[in-house]
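Positions are given from 1 along the sequence. Values reported hereafter were calculated over all heavy atoms of this structure, with side chains retained and with hydrogens, waters and symmetry mates removed.
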Amino acid sequence: MTGRVINRREQHKQHTREALEDAALALFARQGFEQTTVEDIAAEVGVSVRTFFRYYASKQHVLFGDVGHSRVEQLRTALAARPDGEPPLESVRAVLDGADITDEAQLAQIRARLRLLTEQPTLLSAYLVISEELRSLVSRFVAARCGVPESHPYPLLVAGAAQAAWDSALWSWAGGHSPDLAAARRSAFAQLTVGIRAPG
């Protein structure tokens with residue numbers, strides 16, 4: 001019984017979080033980021049401002065906050081589950097491939113977020129925080145699997161390739177040059193990691 005109650009509570013939290021993100025993106029697109037207040041977002045969902053701040057620290061945080069950070073946590077869990085004897089580069093490739101976004105609704109949300117970033121450059125800091133979390137996560141994983149310091153060139157190169165592949169594919173896709181985001185990211189990662197040799 002307790003398990004079901006906790007599960008319902010978590011489902012309710014997730015529903016509220018998603019509703020706040022959807023409402024914020026719709027309002028930002030309709031009336032502009034600067035013109036939209038936290039009160040507007042909360043009212044759109046039918047919750048209090050206090051409830052909004054229970055999930056997000058600010059308007060900027062709602063832009064990429066939960067979706068970005070939860071994605072990083074999913075990658076962290078997936079990397080930790082890879083076989084111990086697997087080459088780190090293969091582990092990273094497999095996990096990134098498994099995390100590629102193909103759902104049309106999610107892709108539409110990504111487009112909306114990127115559009116806001118181009119219209120409001122001051123919001124880029126929110127994106128950069130998540131991008132750096134991805135780079136740091138991959139670097140720490142590769143360093144640990146290879147038994148080398150994080151400052152070693154190999155984990156830094158692999159992590160940089162993962163970050164650059166995501167960035168280049170994302171903006172190329174958003175600009176209409178790459179029709180398939182997942183395919184663009186995989187191609188970029190493959191090109192960027194050719195010739196990166198593991199320590200020893």
Next item on the list: Apply side chain to side chain contact (heavy atoms under 4.5 Å, CB included) to the pair R140 and R76, showing each step before the final yes or no.
Entry: CA-CA 10 Å; R140 286 197 303 272; R76 191 190 315 280; 3.1 Å; yes
Next item on the list: Step by step, work out the side chain to side chain contact (heavy atoms under 4.5 Å, CB included) result for T16 and R54.
Entry: CA-CA 11 Å; T16 302; R54 203 174 294 150; over 6 Å; no
Item checked: Criterion side chain to side chain contact (heavy atoms under 4.5 Å, CB included) on L170 and R185, from CA distance to verdict -> CA-CA 8 Å; L170 193 64; R185 191 215 49 83; over 6 Å; no
Next item on the list: Under the side chain to side chain contact (heavy atoms under 4.5 Å, CB included) rule, what do L63 and L117 come out as? Steps first, then yes or no, please.
Entry: CA-CA 9 Å; L63 183 61; L117 290 182; 3.8 Å; yes
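Judged by distance alone, the side chains of R17 and Q14 do bring a donor and an acceptor atom under 3.5 Å apart. Between the side chains of T51 and S48, at least one donor-acceptor pair of N or O atoms lies under 3.5 Å. Between the side chains of R135 and S131, no donor N or O sits under 3.5 Å from an acceptor N or O. Counted by atom type alone, E73 and T77 present zero donor-acceptor pairs between their side chains at under 3.5 Å.
The minimum heavy-atom distance linking E39 with V49 is given by the pair CG-CG2, 3.7 Å. When all heavy atoms of F141 and P88 are compared, the closest pair comes out as CE2-O, 4.1 Å. P155 approaches P149 most closely through the heavy-atom pair CG-O, 3.7 Å. Residues V45 and A19 share a closest heavy-atom pair of CG2-O, 3.5 Å. A162 and V138 make their closest contact through CB-CG2, 4.3 Å (heavy atoms, listed as atom of the first residue, atom of the second, distance). Across all non-hydrogen atoms, the minimal contact from A24 to I41 is CB-CD1, 3.8 Å.
Placement of V158 and V72 within a single hydrophobic cluster is found when ILVMFWY residues are connected by side-chain heavy-atom separations under 4.5 Å, directly or transitively. Hydrophobic cluster membership differs between L156 and V142, with clusters built from Ile, Leu, Val, Met, Phe, Trp and Tyr side chains linked at under 4.5 angstrom. Cluster annotation: L114 is connected to V62 through the hydrophobic network of ILVMFWY side chains, with a link wherever side-chain heavy atoms come within less than 4.5 Å. In the hydrophobic clustering of this structure, L134 groups with I130; members are Ile, Leu, Val, Met, Phe, Trp, Tyr whose side-chain heavy atoms approach within less than 4.5 Å, directly or through other members. Tracing side-chain contacts under 4.5 Å through hydrophobic residues (I, L, V, M, F, W, Y), one reaches I110 starting from L96; they form part of the same cluster.
Under the 4.5 Å side-chain criterion, counting only non-hydrogen atoms from C-beta, L107 is not in contact with R111. The closest side-chain heavy-atom distance from C146 to H152 is not below 4.5 Å.
Between the side chain of S187 and the main chain of A184, no donor-acceptor pair closer than 3.5 Å is present. Remark: side-chain polar atoms of R145 are not paired, donor with acceptor, to backbone N or O of E86 under 3.5 angstrom.
Residue pairs meeting the ring-ring contact (aromatic ring centres under 6.0 Å, His included) criterion with at least one member in residues 33-53, sequence neighbours excluded, are F28-F33, F52-Y56. Sorted by first then second residue, the ring-ring contact (aromatic ring centres under 6.0 Å, His included) pairs that include residues 172-200, not counting sequence neighbours, number zero.
Here the CG-OG1 distance, from L89 to T193, works out to 5.0 Å after rounding to the nearest 0.5 Å. Distance check: L181 CG to T102 OG1 gives 10.0 Å after rounding to the nearest 0.5 Å. In this structure, CG on L116 lies 11.0 Å from CG on L124, to the nearest 0.5 angstrom. Atom OG of residue S172 and atom CG of residue D167 lie 12.0 Å apart, to the nearest 0.5 angstrom. Separating the CD atom in E21 from the NE2 atom in H61 is a distance of 9.0 Å, to the nearest 0.5 Å. Atom CZ of residue R71 and atom CD of residue Q106 lie 8.0 Å apart, to the nearest 0.5 angstrom.
The salt bridge (charged side-chain N to carboxylate O under 4.0 Å, His left out) test applied to E150 returns no partner, not counting sequence neighbours.
Crowding of R30 atom CZ: a count of heavy atoms from other residues, nucleotides or ligands under 6.0 Å exceeding 12.
Of the residues D22, T37, T36, the one that meets the side-chain contact (heavy atoms from CB on, under 4.5 Å) test with L27 is T36.
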